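Everything below concerns the one structure shown next.
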Amino acid sequence: MGFVKEFKEFAMKGNVMDMAVGVIIGGAFGKIVSSLVDDIIMPLVGKVLGNTDFTNLYAVLAQPEAGDLPAGTSLAAAREAGASIFAYGAFIQNVVDFLIVAFCIFLMLKGINKLSNLKKKEEEAAAPEAPKGPTQEELLTEIRDLLKKK
């Protein structure tokens with residue numbers, strides 16, 4: 001029974017729960033960013049670069065046994081035909097996805113840090129200053145004066 005109790009204590013710690021919330025929100029955020037990249041950014045980039053679809057960019061390393069692939073064959077069709085493929089377009093797409101996700105996370109963290117700093121400044125401004133006591137020199141002077149009087 002000690003194992004179950006220990007696991008329950010571990011699972012209910014704040015850090016584990018915070019991590020679980022972060023993973024769930026991260027998954028949803030990933031879907032949003034993927035949609036942003038796939039549906040908005042990459043079509044614009046493809047249009048600027050001449051209707052290029054990065055996911056279908058590849059180089060044929062070895063032709064299939066059935067014969068040469070016709071020009072303009074999609075990546076999926078080339079793989080189905082049995083060609084040995086170097087799919088660099090998918091890699092480019094994943095790098096762009098990563099850079100956009102990293103940039104979005106950077107902006108989120110920057111905003112959170114800014115809000116955190118504002119909150120700290122407000123707390124510091126709201127906190128009353130501690131009354132200043134006498135300095136060490138002033139205390140020593142008072143002690144000296146009291147000793148002189150005796």
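Here, residue 1 is the first one in the sequence, and each next residue gets the next number. What you see is a predicted model, and the numbers here were worked out from it, not measured in a lab.
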Would you name the heavy atoms of Ala87 and Tyr58 that are closest together and state the gap between them?
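Between these two residues, the closest heavy atoms are CA-CB, 4.0 Å.
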Non-hydrogen atoms of Ala81 and Pro64 that approach each other most closely
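Where Ala81 meets Pro64 most closely, the heavy atoms are O-CB, 3.0 Å.
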Relative to the ring of Phe7, is the ring of Phe3 parallel (under 30°), tilted (30 to 60°) or perpendicular (over 60°)?
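Ring orientation, 0 to 90° scale: parallel.
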Looking at Glu138, I want to see if its CD is surrounded by more than 12 non-hydrogen atoms of other residues, nucleotides or ligands under 6.0 Å.
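Enclosed: over 12 neighbouring heavy atoms sit under 6.0 Å from CD of Glu138.
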Neighbour count above 12 (heavy atom, 6.0 Å) for Gln136 CD
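12 or below, so no.
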[X] and [Y]: same hydrophobic cluster, using ILVMFWY side-chain contacts below 4.5 Å?
{"X": "Ile41", "Y": "Ile105", "answer": "yes"}
{"X": "Val95", "Y": "Phe98", "answer": "yes"}
{"X": "Phe91", "Y": "Leu99", "answer": "yes"}

Hey, does the side chain of [X] reach the backbone of [Y] with a donor-acceptor pair shorter than 3.5 angstrom?
{"X": "Ser35", "Y": "Lys31", "result": "no"}
{"X": "Thr73", "Y": "Pro70", "result": "yes"}
{"X": "Asn56", "Y": "Leu75", "result": "yes"}

Flag side-chain contact, heavy atom, 4.5 Å: [X] against [Y]:
{"X": "Met108", "Y": "Phe29", "result": "yes"}
{"X": "Leu61", "Y": "Ile85", "result": "no"}
{"X": "Leu147", "Y": "Ile143", "result": "yes"}
{"X": "Val60", "Y": "Phe86", "result": "no"}

For the atom pair CZ (Arg144) and CG (Leu140), what is the distance rounded to the nearest 0.5 Å?
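CG of Leu140 is found 9.5 Å from CZ of Arg144.
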Please round to the nearest 0.5 Å and tell me the distance separating atom OG of Ser74 and atom CD of Glu80.
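Reported to 0.5 Å precision, the distance equals 7.5 Å.
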